[in-house]
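Heads up, the thing below is written out as structure tokens.
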Amino acid sequence: MYQKTLKSSFSLSGKGLHTGNKVNMAVYPAPVDHGIVFKRTDKPLSKSLIKASFQNVTETFLRTELSNEFGICVTTAEHLLAALAGTGVQNALIELNSKEIPILDGSSLAFVKKILKAGIVEQDKVLTLFEVISPFRVENGNSWAEVKPANKFTIDFEIEWPDTAVGKQSLDLPIVNGTFVRELCDSRTFCKKGDVASLKDKGFALGGGIENAIVVDRYSFFASNGLRYKDECIRHKILDALGDLSLLGSPILGKFTSYAGGHKLTNLLLREAFKKGDVFRLKNSSIEDKDKLPGFDISRDDLERLQSTPTEFYE
């Protein structure tokens, strides 16, 4: 199997979830071994590039933020990163005229639609994988995350929000072939109704609303046009985890499991695993790995289903 990039570029605009500012974004094809790189067009060219790497993560509260050595950042990157990983794109250049990726409807749906419409092309270099060869776990209070060997890429997530309509949700899902496109990419971010006012007072969620998030109280979910899945919240946690895990720079062959985790714990896992040194093994992929990873065998039916889903929330 080979590295992939876009056949053509695409652009979209929207507001940031936390800043509330409008941002214009364009995504371009990139050469082999380029990886996913952000470019801030509102900053000097010499300081504008930010590599999508777990080592460049500088903030994880409510979002994943990446920064370069000059302190230039791009924030709330996880939904776009998940869209690229879930469609099998390893090389792309993303230009932004502000720091925050558009939130759109709070999921990866619009990004995936744009990626599939632009098209995906194989390049002339073999794709490398990070194969998990030994189990590894990190903990933070009652929360934990781990990776362990498995014959396909799988995410197993569990959350508990007592005294809310979410309650306890869990899902163990192989993220292979077009699973991300069919079952995850349209799952939206969520928050507790009681937290909204305090978050806004602290300068967060200034662009948030019912149009781009599921709001949860003790007994109910408040969401534009209702829930898309009964367990949409846990599906979104898996979406986030895929985006954060993609910051390794190559797909993972193994199983990721987390209880009550999030951006901080996933990033900690990657950092500590690489310090340990014997958790992952880098290897060249082969055709036998095709059914073990996301981004393969996405059909025209998958694209048509997405095209039928309204996306009036972006320009």
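Each of L81 and V37 belongs to its own hydrophobic cluster when Ile, Leu, Val, Met, Phe, Trp and Tyr are linked at side-chain heavy-atom distances under 4.5 angstrom. Cluster annotation: L227 and L171 are assigned to the same hydrophobic cluster (Ile/Leu/Val/Met/Phe/Trp/Tyr, side-chain heavy-atom contacts under 4.5 Å, transitive). Taken together through direct or relayed side-chain contacts under 4.5 Å among Ile, Leu, Val, Met, Phe, Trp and Tyr, F10 and I120 form part of one hydrophobic cluster. Under the 4.5 Å side-chain heavy-atom criterion for ILVMFWY residues, no single connected hydrophobic cluster contains both V215 and L239. Hydrophobic clustering of Ile, Leu, Val, Met, Phe, Trp and Tyr side chains at less than 4.5 Å, counting indirect connections, keeps I133 apart from L248.
Here the straight-line distance linking atom CD1 of I36 with atom OG of S246 works out to 7.5 Å at 0.5 Å rounding. Note that the CG atom of N97 and the OG1 atom of T41 stand 5.0 Å from one another [nearest 0.5 Å]. Atoms OG and CD1, from S48 and I72 in turn, are 8.5 Å apart once rounded to the nearest 0.5 Å. Going from atom OG1 of T266 over to atom CZ of F157 covers 6.0 Å, rounded to the nearest 0.5 Å. The OG atom of S286 sits 10.5 Å away from the CG atom of L127 when rounded to the nearest 0.5 Å. Rounded to the nearest 0.5 Å, atoms CZ (R63) and CG (D244) are 12.5 Å apart.
One N or O on the side chain of Q123 and one on the backbone of A30 form a donor-acceptor pair closer than 3.5 Å. Distance alone, capped at 3.5 Å, is enough to place a donor-acceptor pair between the R40 side chain and the C73 backbone. Using a distance-only test at 3.5 Å, with no hydrogens or angles considered, a donor-acceptor pair links the side chain of S8 to the main chain of A118. The backbone N or O of W144 sits less than 3.5 Å from a side-chain atom of S258, completing a donor-acceptor pair. Not a single donor-acceptor pair under 3.5 Å links the side chain of K43 to the backbone N or O of L49. Checking side-chain atoms of N56 against main-chain N and O of N68 turns up no donor-acceptor pair under 3.5 Å. In terms of modelled atom types and a separation under 3.5 Å, the side chain of T164 and the main chain of W161 share a donor-acceptor contact.
In this structure, the salt bridge (Lys or Arg N to Asp or Glu O under 4.0 Å) partners of E158, at least two apart in sequence or on a different chain, are K168.
By the 4.0 Å N-to-carboxylate-O rule, D278 lies close enough to K276 to be salt-bridged with it. Contact check on R235 versus E232 returns no salt bridge, with no Lys/Arg side-chain nitrogen under 4.0 Å from an Asp/Glu carboxylate oxygen. Ion pair D33/K125 flagged as a salt bridge, since at least one NZ, NE, NH1 or NH2 atom sits closer than 4.0 Å to an Asp/Glu carboxylate oxygen. The pair E122-K4 fails the salt-bridge criterion, with no side-chain N (NZ, NE, NH1 or NH2) lying under 4.0 Å from an Asp/Glu carboxylate O. Taking the charged nitrogens against the carboxylate oxygens, D105 and R228 do have a contact shorter than 4.0 Å, which makes a salt bridge.
At least one side-chain heavy atom of L96 sits less than 4.5 Å from a side-chain heavy atom of F38. Between L247 and T64 there is a side-chain heavy-atom pair separated by less than 4.5 Å. Side chains of F111 and I101 form a contact here, defined as non-hydrogen atoms less than 4.5 Å apart. Counting only heavy atoms from C-beta outward, the side chains of F153 and L253 never approach each other to under 4.5 Å. Put simply, the side chain of P149 reaches to within 4.5 Å of the side chain of P135, judged on heavy atoms. Residues L184 and I238 are in side-chain contact: their nearest non-hydrogen atoms beyond the backbone lie under 4.5 Å apart. In this structure, the side chains of L242 and F256 stay at 4.5 Å or more apart for every pair of heavy atoms. Using a 4.5 Å heavy-atom cutoff, the side chains of K114 and L12 are in contact.
Atom NZ of K47 has 12 or fewer heavy atoms from other residues, nucleotides or ligands within 6.0 Å. Within a 6.0 Å radius of CZ in F70, other residues, nucleotides and ligands contribute more than 12 heavy atoms. The local environment of NZ in K148 is sparse, with at most 12 non-hydrogen atoms from other residues, nucleotides or ligands closer than 6.0 Å. More than 12 heavy atoms of other residues, nucleotides or ligands lie within 6.0 Å of NZ in K192, so this atom counts as buried by the packing criterion. Counting heavy atoms of neighbouring residues, nucleotides and ligands inside a 6.0 Å radius, atom CG of D201 exceeds 12 of them.
No side-chain N or O of T60 forms a donor-acceptor pair with one of N267 less than 3.5 Å apart. Counting only N and O atoms by type, the side chains of H79 and S108 include no donor and acceptor under 3.5 Å apart. Side-chain contact check for N142 and Y259: no donor-acceptor pair (N or O, by modelled atom type) lies under 3.5 Å. Donor-acceptor pairing under 3.5 Å is recorded for the side chains of H236 and D240. With hydrogens and angles left out, the side-chain atoms of Q3 and N91 include a donor and acceptor closer than 3.5 Å. For the residue pair S107/S187, the side-chain donor-acceptor check at 3.5 Å is not satisfied.
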Check your understanding: Passes side-chain contact (heavy atoms from CB on, under 4.5 Å), V121 versus L6? Steps please.
Key -> CA-CA 6 Å; V121 62; L6 300 168; over 6 Å; no
Practice item. Could you walk me through whether V147 and V279 pass the side-chain contact (heavy atoms from CB on, under 4.5 Å) test, one step at a time? Key: CA-CA 8 Å; V147 288; V279 177; 3.7 Å; yes
Exercise for review: Please lay out, stage by stage, how E59 and T75 fare under the test side-chain contact (heavy atoms from CB on, under 4.5 Å).
Suggested key: CA-CA 8 Å; E59 293 289 345; T75 195; 6.0 Å; no
Check your understanding: Where do L80 and M25 land on the side-chain contact (heavy atoms from CB on, under 4.5 Å) test, with the steps shown first?
Key -> CA-CA 11 Å; L80 176 57; M25 184 182 83; 3.8 Å; yes
Check your understanding: side chain to side chain donor-acceptor pair (under 3.5 Å) between E100 and T19: does it pass, once the steps are laid out?
Key -> CA-CA 7 Å; E100 191 169 22; T19 64; 2.9 Å; yes
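Shown here for A92 and V27, the closest heavy-atom pair between the two residues is CB-CG1, 4.1 Å. Between A273 and F136 the shortest heavy-atom distance is N-CE2, 3.5 Å. What you find for K15 and E211 is that their closest heavy atoms are NZ-OE2, 3.1 Å. Nearest heavy-atom pair, T5 versus P29, reported as atom, atom and distance to 0.1 Å: OG1-CA, 3.3 Å. Scanning all heavy atoms of the two residues, the minimum distance from A83 to F180 falls at CA-CE2, 3.8 Å. Taking both residues in full, the closest heavy atoms of I214 and A223 are given as CG1-CB, 4.0 Å, listed atom of the first, atom of the second, then distance.
Screening N151, D172, T154 against K255 for a side chain to side chain donor-acceptor pair (under 3.5 Å) leaves a single residue, D172. When N284, V176, L129 are each tested for a side chain to side chain contact (heavy atoms under 4.5 Å, CB included) with D289, only one passes: L129.
Relative ring orientation between F274 and F130 is described as perpendicular, the plane-to-plane angle rising above 60° on a 0-90° scale split at 30° and 60°.
Cluster partners of F204 are F61, L62, L199, counting Ile, Leu, Val, Met, Phe, Trp and Tyr whose side-chain heavy atoms approach within less than 4.5 Å, directly or via other members.
Remark: K193 qualifies as a cation-pi partner of F222 under the 6.0 Å distance and 45° angle criteria applied to the six-membered ring.
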